[in-house]
Each structure stands twice: as C-alpha cells, then as structure tokens.
Participant: 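Below you'll find the structure I mean.
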Protein chains: 2
Amino acid sequence: MSILEEHESSPGLLLALLGYDAMRRLRAAHDAHGLKPRQFQILGLLEHGGLSQRELNDRMGLDPSLVVALLNPLEADGFVSRERDPADRRRHTVSLTPAGATLLVAAGEAQRAVEDDLFAALDTQQREQLRALLLALNQPASDCA
Amino acid sequence: MSILEEHESSPGLLLALLGYDAMRRLRAAHDAHGLKPRQFQILGLLEHGGLSQRELNDRMGLDPSLVVALLNPLEADGFVSRERDPADRRRHTVSLTPAGATLLVAAGEAQRAVEDDLFAALDTQQREQLRALLLALNQPASDCA
DNA sequence: TATTGTTATACTCTATAACTATA
DNA sequence: TATAGTTATAGAGTATAACAATA
C-alpha cells in the first residue's frame with residue numbers, strides 16, 4: 001500500500017516519509033549484523049584510512065556526542081580502534097580493524113540488497129536521475145548565512 | 001554544508017537523511033502555528049469533507065493510535081470536530097471547523113515557503129522530475145507478499 | 001581561551017500491545 | 001467474533017548543554 005495518495009502529498013512531506021521508510025529498511029538490513037545504518041556509514045568512511053572523530057562529525061553532519069555513542073559499541077566489539085594522536089593528544093584517530101573490514105564487506109552486500117529493493121520501481125536511468133537530484137538537494141546553492 | 005560527500009553517500013542513506021531534514025524543516029514551519037507536519041496533513045485531508053479516523057489511518061499510512069494522538073489537540077483547540085456516525089456508532093466522523101479551515105490556509109503558506117526553500121537548488125522541471133520519481137517509489141510495482 | 005572528546009538529558013516520530021465500545 | 005477507537009509503553013534517531021582533557 002502506498003504511503004500517500006498523489007493528490008494529498010506535498011513534495012516535502014513525501015520526501016520525509018520516503019526517507020523515514022528508507023531508514024527503517026536500512027536498519028532492518030543492518031540489524032542482522034548488529035549494526036545501525038550510521039555505524040555502517042562510519043565503517044565505510046574509515047575504509048580508506050583512519051579519521052579523527054572530529055572528521056567523522058563533519059563528514060556525517062552529526063554532533064560529536066552522537067559519534068561517540070556510535071563508536072563505543074564498534075570499539076567494544078573490535079570493529080574499530082581508537083588511538084591518541086601523538087601530535088595532538090586531544091585527537092583520537094579512529095581506524096578500521098581487520099574484523100571491521102570484513103564486517104563492512106558483509107554488511108555492504110546487505111545494504112546493496114536493500115537499496116535494490118528500495119528503488120525497485122525505477123529503472124537504471126531513473127535511479128541515476130534520482131541520485132543526481134538528491135545530491136543537488138544535498139548541496140544548497142549557497143550558504144547565505 | 002552538505003550532509004554527505006558524494007563518494008560516501010549510498011542512495012538509500014542519502015534519501016533517509018534528506019527526508020529527515022525535510023521533516024525537521026516542516027516541523028519548524030508548522031511550529032509557528034502550533035501544528036505538527038502530520039496534523040497539517042490531517043487538515044489537508046479533511047479539506048474536501050469529513051472522514052472517519054479509520055480512513056485517516058489508511059490514507060496516512062499510520063497506526064490508529066497515532067491518529068488519535070494527533071487529533072486530540074486539534075479537537076481541543078477547535079480546529080477539528082468529532083461526531084459519532086449514526087449509521088455505525090463505532091465510527092467517529094472527523095470534520096474541519098471554520099477555524100481549522102482558516103488555519104489550513106495560513107499554515108499552507110508556511111509549508112509552501114519551506115518547500116520552496118527545500119527544493120531551491122532545483123529548477124521547475126527538475127522539481128517535477130523529482131516529484132514523479134518519489135511518487136513512483138511510493139507506489140511499489142506490486143505487493144508481492 | 002579554543003578545541004577534542006565525553007556524559008546526561010530531552011525531543012520527535014513511529015510501532016506494538018492491550019483495552020473499551022460497538023457491530 | 002470482528003471492527004473503530006483509545007491508552008500506555010517503548011524504540012530509533014537526533015539535538016542541546018555542561019563537562020574534562022589538551023592545546
């Protein structure tokens with residue numbers, strides 16, 4: 001059943017509801033691996049080298065306190081390691097462990113499967129269109145603050 | 001600042017995060033009128049005549065308990081009225097009051113302003129494209145249950 | 001003083017289960 | 001028994017403020 005009938009859907013609310021559904025499905029997929037969608041995102045961000053928590057905050061658009069709460073279980077389970085930066089002892093460099101890299105691969109397959117299902121109604125070209133439009137939305141013309 | 005860099009955004013998570021941001025902006029806009037986005041949606045659904053709560057559940061894709069919680073303040077503030085259906089006394093017919101109709105107009109302008117800002121990065125044609133793609137996502141090809 | 005990371009608390013939206021009343 | 005509506009509780013994701021350690 002559809003979330004909204006066409007005539008009663010404002011574009012903004014439609015986007016909000018579809019986004020909520022997307023997060024719900026991502027969560028269901030990653031639950032099998034003991035991950036939250038945002039934790040999977042962190043593993044992906046660490047794939048090509050360690051980052052400070054500050055860098056994770058910035059790239060994810062999240063408050064530092066959120067990143068701490070996401071990292072703690074990942075570190076406890078051995079998927080991620082935290083080391084103090086010798087050059088600036090305030091910084092904690094977060095890195096992917098071998099176990100974390102393995103988990104990233106397995107959970108990545110689950111995520112791709114979910115996204116295939118999520119966008120099943122669109123063909124390849126339409127998916128590319130949608131992706132391009134969403135990326136445009138994500139980069140506001142200018143920060144006129 | 002953008003929520004995600006291009007290379008690190010899965011389409012599904014991108015949709016989820018943009019949807020969250022859309023809901024956040026809608027909430028901010030409707031707060032000025034004492035409404036939640038879902039309550040504004042209810043007012044819109046009642047614009048062309050009364051509905052039972054059951055019909056509201058179905059059209060909004062929400063659990064009945066949610067609709068109750070959304071309606072109670074609306075009724076208390078006089079924007080909506082509930083009357084028992086004489087034909088089936090289990091049914092409560094929900095209708096828009098004159099005050100509710102006035103609120104719908106005012107809040108509708110706020111919502112349009114938010115959506116204009118939300119989709120500011122897109123031209124008219126791109127907005128139509130996006131809307132069509134989102135509507136397609138919202139109507140899964142078939143419920144192969 | 002400013003920055004990195006941490007802790008604690010609270011808010012929004014939604015889901016589920018159990019209940020009442022009507023049919 | 002089944003349906004319309006209600007109540008209460010819980011969960012996920014995020015935001016904010018206050019704090020300790022380091023620069």
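Chain letters run A, B, ... following the sequence lines, proteins first and then strands; every chain starts at 1. It should be emphasised that the depicted structure is a prediction, and the values quoted were computed from it without experimental measurement.
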Participant: Tell me the interatomic distance from A:Gln41, atom CD, to D:dT14, atom P, rounded to whole angstroms.
Facilitator: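 It is 9 Å, rounded to the nearest whole Å.
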
Participant: Under the rule for salt bridge (Lys or Arg N to Asp or Glu O under 4.0 Å), what residues qualify as partners of A:Arg90, not counting sequence neighbours?
Facilitator: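 Partners of A:Arg90 under the salt bridge (Lys or Arg N to Asp or Glu O under 4.0 Å) test: A:Asp88.
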
Participant: Are A:Arg82 and C:dT6 close enough that a side-chain N or O sits under 4.0 Å from OP1 or OP2?
Facilitator: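 Yes.
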
Participant: Distance check needed: C:dC13 C1' versus A:Leu17 CG, whole Å only.
Facilitator: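 In whole Å, C:dC13 C1' lies 10 Å from A:Leu17 CG.
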
Participant: Examine D:dT22: is either OP1 or OP2 under 4.0 Å from a nitrogen or oxygen in the side chain of A:Arg91? Give yes or no.
Facilitator: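 False: A:Arg91 side-chain N/O out of range (4.0 Å or more) of D:dT22 OP1/OP2.
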
Participant: Grab the CE-C1' distance between B:Met23 and D:dG13 for me, whole Å please.
Facilitator: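 Whole-Å distance recorded here is 13 Å.
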
Participant: Of all the choices, D:dG13, C:dG5, D:dA4, which nucleotide is nearest to the side chain of A:Arg54 once you look at every atom?
Facilitator: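 Per side-chain heavy atoms of A:Arg54, the pick is C:dG5.
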
Participant: Identify, with sequence neighbours excluded, every residue that meets salt bridge (Lys or Arg N to Asp or Glu O under 4.0 Å) alongside A:Asp117.
Facilitator: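 For A:Asp117, the residues satisfying salt bridge (Lys or Arg N to Asp or Glu O under 4.0 Å) (neighbours in sequence not counted) are A:Arg25.
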
Participant: Could you tell me how far apart A:Leu26 (CG) and C:dT14 (P) are, to the nearest whole angstrom?
Facilitator: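 Rounded to whole Å, this separation is 17 Å.
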
Participant: Could you list the residues that satisfy salt bridge (Lys or Arg N to Asp or Glu O under 4.0 Å) with A:Arg84, not counting sequence neighbours?
Facilitator: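 In terms of salt bridge (Lys or Arg N to Asp or Glu O under 4.0 Å), with neighbours along the sequence ignored, A:Arg84 is linked to no residue.
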
Participant: Give the rounded distance in Å between these two atoms: CG of B:Leu35 and P of C:dC13.
Facilitator: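 From B:Leu35 CG to C:dC13 P: 11 Å.
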
Participant: How many Å lie between NE2 on A:His30 and P on D:dA12, as a whole number?
Facilitator: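 Nearest whole value for this atom pair: 15 Å.
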
Participant: Using a 4.0 Å cut-off on protein heavy atoms (strictly under), produce a 5'-to-3' string for nucleotides 15-23 of chain C with B for base contact, S for backbone-only sugar-phosphate contact, and - for none.
Facilitator: BBB----BS

Participant: Please state whether the phosphate of C:dT6, meaning OP1 or OP2, lies under 4.0 angstrom from any side-chain nitrogen or oxygen of A:Gln53.
Facilitator: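 Indeed, a polar side-chain atom of A:Gln53 lies that close.
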
Participant: How long is the line joining CZ of A:Arg25 and P of D:dA12, in whole Å?
Facilitator: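 Rounding to the nearest Å, CZ of A:Arg25 and P of D:dA12 are 19 Å apart.
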
Participant: Whole angstroms only, please: what is the CG-P distance between A:Asp21 and D:dA12?
Facilitator: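 A:Asp21 atom CG is separated from D:dA12 atom P by 17 Å.
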
Participant: Which residues satisfy the salt bridge (Lys or Arg N to Asp or Glu O under 4.0 Å) test with A:Arg54, sequence neighbours excluded?
Facilitator: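 A:Arg54 satisfies salt bridge (Lys or Arg N to Asp or Glu O under 4.0 Å) with A:Asp58 only.
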
Participant: Report the residue from A:Val94, A:Thr93, A:Ile42, A:Leu45 that forms a side-chain contact (heavy atoms from CB on, under 4.5 Å) with A:Leu51.
Facilitator: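 The side-chain contact (heavy atoms from CB on, under 4.5 Å) with A:Leu51 is passed solely by A:Leu45 among A:Val94, A:Thr93, A:Ile42, A:Leu45.
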
Participant: So if you build clusters from Ile, Leu, Val, Met, Phe, Trp, Tyr with side-chain heavy-atom gaps below 4.5 Å, do A:Leu122 and A:Leu14 land together?
Facilitator: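 Yes, because A:Leu122 and A:Leu14 connect within a single hydrophobic cluster, where side-chain heavy atoms sit under 4.5 Å apart.
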
Participant: Would you please confirm or rule out a distance under 4.0 Å between OP1 or OP2 of C:dC13 and any side-chain N or O of B:Arg38?
Facilitator: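 Looking at the OP1 and OP2 atoms of C:dC13, neither is under 4.0 Å from any side-chain N or O of B:Arg38.
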
Participant: Holding to side chain to side chain donor-acceptor pair (under 3.5 Å), I want the full list of residues that pass it with A:Gln53, two or more places apart in sequence or in another chain.
Facilitator: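 Side chain to side chain donor-acceptor pair (under 3.5 Å) list for A:Gln53, sorted by chain: A:Arg82.
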
